[in-house]
Structure formats: C-alpha cells, structure tokens
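Below: one structure, written as structure tokens.
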There are 2 protein chains.
Amino acid sequence: MKKQLQPIDAEALLQEHGFKKTPLRIMLLEVLSLSPIPLAVKTLQRKTKKVGADPSTMYRALNAFIEAEIVQAITVDKTKVLYELVQTKNHMHHIVCDSCNTVESIPFCVKNIDQQAINMSRLFKKIYSHQLAFVGTCRKCLRTVR
Amino acid sequence: MKKQLQPIDAEALLQEHGFKKTPLRIMLLEVLSLSPIPLAVKTLQRKTKKVGADPSTMYRALNAFIEAEIVQAITVDKTKVLYELVQTKNHMHHIVCDSCNTVESIPFCVKNIDQQAINMSRLFKKIYSHQLAFVGTCRKCLRTVR
DNA sequence: ATACAAATGCAAATGATTTGCAATAACATA
DNA sequence: TATGTTATTGCAAATCATTTGCATTTGTAT
C-alpha cells in the first residue's frame, strides 16, 4: 500500500492565497507536493534549479508560504530544517533515519495525548498542538552493511 | 507536587567521563542540573558568566557533553536549540509556551507508540527512539492579557 | 616537580538565513 | 491591449549562531 501523492494545483493554490504565479513559486509547490518526504532547502534548490532562483528568493517564498500556512518547517535535529506542504487532512508526524537521514511523514494520532501531557505538567494549562518525531533505521539502510 | 531537582555531583560526573574539572564545565553541569527546563546557549552564558568563558569554549563543552551523552540538545522550533541533562531515569518530552517560549520537560510515555509508528510507515522497519513536543500556553501567560 | 593531553581564549572562517534596495514581472482594470 | 500598482526578484551586504586553527594555559597522572 503505497502512499498516494496527489499533485497539487499550484497555480490555484497561489491564487487562493493572493500570491502571484511566478515560476519559482509554482515549481516550489509542485516539488513539495510531489515529495513523499519533507525537503531541505538545498534539495529544493536542486529540484527547482530549472527556474534558477536566488537563495534569498527561495527563503522568501518559503517564509511567505509558512506565513500563509501552506507549508510547514520541521526541525528533526539541532540543525536540519525541512519543509513540507501542510496536510490539512491528516496531522502528520515524522520518522528520521539515523543512517541516511531520510525523513518520512506519517499520519498518526495518539488519542488524548494532549490531555495526558497537561496532566503531567506543572507549568502548563493549555495545549494547542504537538509534534512527534521518531528516530529509526529505514529498510534500505538496514540492508546496507556498515 | 513540585518536581524534585536533585543537584548533580558535577565533578564526579566529569571524572567518570574522563573530562577535566574546569570551572566552566563544573558550573555548566551544575546550572543544567538545577534547571527545571532546557536552556538556550544565551541563557547558559548568562548563568555561567561568573566563570567568564568564551562562546567557543561553551560550545565545545556542550558538544563534548553531547558526545558523552551527558547532555542532549533539543530543537523545538526552526531555530531554537536548547540543552538539558540527559535523564536516564525517565524519558522526557517537552511542552513549549507559544507566548513566552518557556519549555518544560515532562516524563511521559505512550505505550507501543514506536510500534504504532512502524505500522504506519512505508520506509521504516526499526525505531530506536522518539521525541514528542507540545505547544501550549503556560499558566503564567494565560493570566497575562495580551 | 615535570610532562602530557585536554581545555581555553582569541580571531577568523563558515554556513544558513535575512535584509535593503533598485529592477522586474505579474495582475487588475481601464 | 496598454498602463499603473504591487508583489516578487536578484544581488550584495549584513546578521547570527556555531565552528575551527592555533598558540597558551590548566588539570592531572607520574
């Protein structure tokens, strides 16, 4: 059972949010929508090199999308920032491979988890959201001897 | 029921790991052990300013501690890196306040969560650990009108 | 007391991300 | 279709956190 990747109508999405349909922004959304995993800025630059945008332009686009809640940034370790489309349908969590660093997003929900956390907390009274990340070894790396 | 903070024997800990007992490293471990929340580098610099260490020295000490698994770094959002002592006794998760950014660590465990994640995953076969972070509003900020 | 390795301070390098500004491209509308 | 407004872009420079090289100092074992 493979994950279905529905390609997004990037132009429509840009329009809905009042953005102009520029080559970079269109391609950026397409690349993100076609990726089964969250992507680093470097990867995005490589995958959109056809439109040849400046790094600053890339960051501005990503930040605009984050502001508009089209895209979200996730941080899996101290330094690595990855971007992915916001999935409105299901709430996603992540698994990172400790060997090749691939990150997979998985729809996943633990019932009452926010309430359980509140119950343990001394300082908090209200929780809006949570992030859950797993670290493991992907099938491919398990196969590779190292 | 307040959280008990057992002050650590910093010198013993350094010795166990073959580190030299320098003023910065001793104080750093003491500060971390006395904090109920993970701390940013800036905060650590402020709290250890009595020993007046260079930022590079601070980073080298933190990285050495991470390498030795005495300390762990957590990243709650795109940019913010926080450090805390590794809690061997209980596995901790975090709640971040969306208003004042305070981070609280809470002992917390969801049964079978790793297995549940594996079951949802297409790419992963083995999970070693997970991190769970909540975003909410702390009691103090809930009281403050803004 | 001596000697060796680890830890430090300082300055400079790095690397990711942001910003100012002038030029350009997209869009609305006339 | 032409035109004006505004968002978007490229470029260069600024920022900011973190790392590194190197000479010096400090801790520790002998």
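Chain identifiers are assigned alphabetically (A, B, ...) following the order of the sequence lines, protein sequences preceding nucleic acid strands; residue numbering begins at 1 within each chain. Predicted model, so just to flag it, every value in this text is computed and none were measured.
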Exercise for the section: For the pair A/Gln72 and A/Ile66, evaluate side-chain contact (heavy atoms from CB on, under 4.5 Å) and give the outcome as yes or no after the intermediate values. Expected result: CA-CA 6 Å; A/Gln72 64 188 339; A/Ile66 289 172; 5.9 Å; no
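Atom C1' of nucleotide D/dT8 and atom CG of A/Leu62 are separated by 14 Å, given to the nearest angstrom. Distance B/Tyr83 OH to D/dA17 P: 12 Å, rounded to the nearest Å. C/dA23 atom P lies 17 Å from atom CG of A/Asp54, rounded to whole Å. The distance from atom CG of B/Leu28 to atom P of C/dA7 is 13 Å, rounded to the nearest whole Å. For the pair A/Arg60 CZ and D/dA12 C1', the computed distance is 12 Å after rounding to whole Å. Atom pair A/Met58:CE and D/dT8:C1' shows a separation of 13 Å (rounding to whole Å applied). Per the geometry, CG belonging to A/Leu44 stands 14 Å off C1' belonging to C/dA16, to the nearest Å. Regarding A/Phe65, its CZ atom lies at a distance of 8 Å from the P atom of D/dT8, rounded to whole Å.
Taking both residues in full, the closest heavy atoms of B/Val86 and B/Glu69 are given as CG2-O, 3.5 Å, listed atom of the first, atom of the second, then distance.
For A/Phe124 and B/Phe134, the ring centers sit 6.0 Å or farther from each other. Less than 6.0 angstrom separates the ring centroid of A/His93 from the ring centroid of A/His130.
Within 3.5 Å, no donor on the side chain of B/Arg25 pairs with an acceptor on the base of D/dG27, nor the reverse.
Residue B/Lys42 has a polar side-chain atom (N or O) positioned under 4.0 Å from OP1 or OP2 of D/dA17.
Of the two residues contacting DNA chain D, namely B/Ser56 and B/Gln15, the nearest-nucleotide position lying further toward the 5' end is that of B/Ser56.
Counted by atom type alone, A/Glu104 and B/Ser121 present one or more donor-acceptor pairs between their side chains at under 3.5 Å. In summary, the side chains of B/His94 and B/Glu84 do present a donor paired with an acceptor at a separation below 3.5 Å, with no hydrogens or angles considered.
Within the 4.5 Å cutoff, side-chain heavy atoms of A/Phe65 are placed close to those of A/Leu28.
Within residues 16-23 of chain B, the residues approached by DNA chain C to less than 4.0 Å at the level of any non-hydrogen atom are B/Phe19, B/Lys20, B/Thr22, in residue-number order.
Nucleic acid contact for A/Ala53: sugar-phosphate only, since backbone atoms but no base atoms lie under 4.0 Å from a heavy atom of the residue.
Closest to the side chain of B/Asn63, out of D/dA29, D/dT19, C/dT18, is D/dT19.
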